[in-house]
Protein chains: 2
Amino acid sequence: MKISKNLLSGSTTMLLLKLLDNKDMYGYEMIDELAKRSDDTFTLKAGTLYPLLHSLEKDGMLISYEENPDNSRVRKYYSIHKDGKKLLKEKEKEWKIYSSKINKVLEGGVKFEGI
Amino acid sequence: MKISKNLLSGSTTMLLLKLLDNKDMYGYEMIDELAKRSDDTFTLKAGTLYPLLHSLEKDGMLISYEENPDNSRVRKYYSIHKDGKKLLKEKEKEWKIYSSKINKVLEGGVKFEGI
DNA sequence: TATAATATATAGATAATCTATATATGTCAA
DNA sequence: TTGACATATATAGATTATCTATATATTATA
């Protein structure tokens, strides 16, 4: 099932930060890794990713550096910074609240598991 | 915690259909009921709600009628239609997939409870 | 009678996706 | 070696769902 783009809207930053919380990655790798980890549910477009990475770097959440670890082509790697880790924690907390409240409404006011 | 608007984006239609799946309501009542059921997490603005109701009615998901059951003022009630119920089922299915995949990514690839 | 809450409505702003396009490198088959 | 394709990064403009701001009218309350 294709997930509508506006449902994904708002969680993309959290997902990217989560990927980078595990290890440094370059842009294209993040697209592949996110698709892999989500069983092809989240297939981010390059036109979405790169501007988002630039803005996260501009805001001090990420730091980028160029490298070619396999001696092929130079790739632009991103590393999560201190503020990025803090933002990730906030986004995860927000997600837990948001999803539990959605589930509560769907259950007709009955409290769902978790939270 | 205030939930950022773009995280809510895309689930508003599902939530409104869910409310109307329980009983007919008028616009302002939906805002109150959604806030109540979500512990004030989802506080929809009138400027968001009314255009959305109009578009859902235009698409045949809802039917509206005017009534004043308490003999005070006339209110515009909305009733969920057949296509609206179908759309609600789809949206709920999409939500379950979406949320489980987000949780899977957050758990680092480990499967979460449910789904 | 004035003020606030209720109720509906619409125009325009904002923001996060998307598509489309551009450019360049690396791989592989003909 | 040349062409085609996948990889990789980038940006401009379109789309869309929310928001804010504003308008209008009714009802309740001080």
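Since the model is a prediction, treat every value here as computed from it, not as a measurement. Lettering of chains follows the sequences in order, A, B, ..., and the numbering in each one begins at 1. Scope of the values below: all heavy atoms of this structure, side chains included, with no hydrogens, waters or symmetry mates.
Of the residues in residues 13-24 of chain A, none lies under 4.0 Å from DNA chain D by heavy-atom distance. Looking at residues 46-66 of chain A, you'll see Ala46(A), Gly47(A), Tyr50(A), Pro51(A), His54(A) sit with a heavy atom under 4.0 Å from some atom of DNA chain D.
Atoms CG (Asp32(A)) and C1' (dT7(D)) sit 9 Å apart, rounded to a whole Å. Atoms CD1 (Ile31(B)) and P (dT8(C)) sit 9 Å apart, rounded to a whole Å. Here dT9(D) presents its P atom at 13 Å from CE of Met25(A), a figure rounded to the nearest Å. Remark: C1' of dC19(D) and CG of Leu44(B) are 11 Å apart, rounded to the nearest angstrom. Asn68(B) places its CG atom 15 Å from the C1' atom of dA25(D), with the value rounded to the nearest Å. The distance between atom NZ of Lys76(A) and atom C1' of dT11(D), rounded to the nearest whole Å, is 13 Å. Rounded to a whole Å, the CD atom of Glu29(A) is 12 Å from the C1' atom of dT7(D). At whole-Å resolution of the value, CZ in Phe42(B) and C1' in dA17(D) are 15 Å apart.
Nearest to the side chain of Arg75(A), among dA8(D), dT17(C), dT19(C), sits dA8(D).
Glu57(B) meets the salt bridge (Lys or Arg N to Asp or Glu O under 4.0 Å) test with no other residue; sequence neighbours excluded. By the side-chain contact (heavy atoms from CB on, under 4.5 Å) test, Lys86(A) pairs with Glu90(A), sequence neighbours left out. Looking at residues two or more places apart in sequence or on another chain, you find no salt bridge (Lys or Arg N to Asp or Glu O under 4.0 Å) involving Glu67(B). Partners of Lys23(A) according to the side-chain contact (heavy atoms from CB on, under 4.5 Å) rule, which considers only residues two or more places apart in sequence or in another chain, are Met25(A), Glu29(A). Scanning for side-chain contact (heavy atoms from CB on, under 4.5 Å) contacts around Thr13(B) gives Leu17(B), Leu52(B), Leu56(B), Leu87(B), Lys91(B), with sequence neighbours left out.
The minimum heavy-atom distance between Leu20(A) and Ile80(A), with the atom names listed, is O-CG2, 3.6 Å. Here the closest non-hydrogen pair linking Gly60(A) and His81(A) is O-ND1, 3.4 Å. Between Leu49(A) and Gly27(A), the closest heavy-atom pair is CD2-O, 3.1 Å.
Placement of Leu19(A) and Ile63(A) in two distinct hydrophobic clusters is found when ILVMFWY residues are connected by side-chain heavy-atom separations under 4.5 Å, directly or transitively.
The phosphate of dT8(C) (OP1 or OP2) has no side-chain N or O of Tyr28(B) nearer than 4.0 angstrom. OP1 or OP2 of dA20(C) has not a single side-chain nitrogen or oxygen of Lys45(A) nearer than 4.0 Å.
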Listing time: all N or O pairs from protein to nucleotides 27-30 of chain D that are below 3.5 Å?
from    : atom 1 : to       : atom 2 : distance (Å)
dT27(D) : OP1    : Ser72(B) : O      : 3.4

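Legend: salt bridge (Lys or Arg N to Asp or Glu O under 4.0 Å) pairs involving residues 9-22 of chain A, not counting sequence neighbours, sorted by first then second residue: Lys18(A)-Glu92(A), Asp21(A)-Lys85(A). Residue pairs satisfying the ring pair (Phe, Tyr, Trp, His ring centres under 6.0 Å) criterion with at least one member in residues 47-69 of chain A, sequence neighbours excluded, are listed as follows: Tyr65(A)-Tyr77(A).
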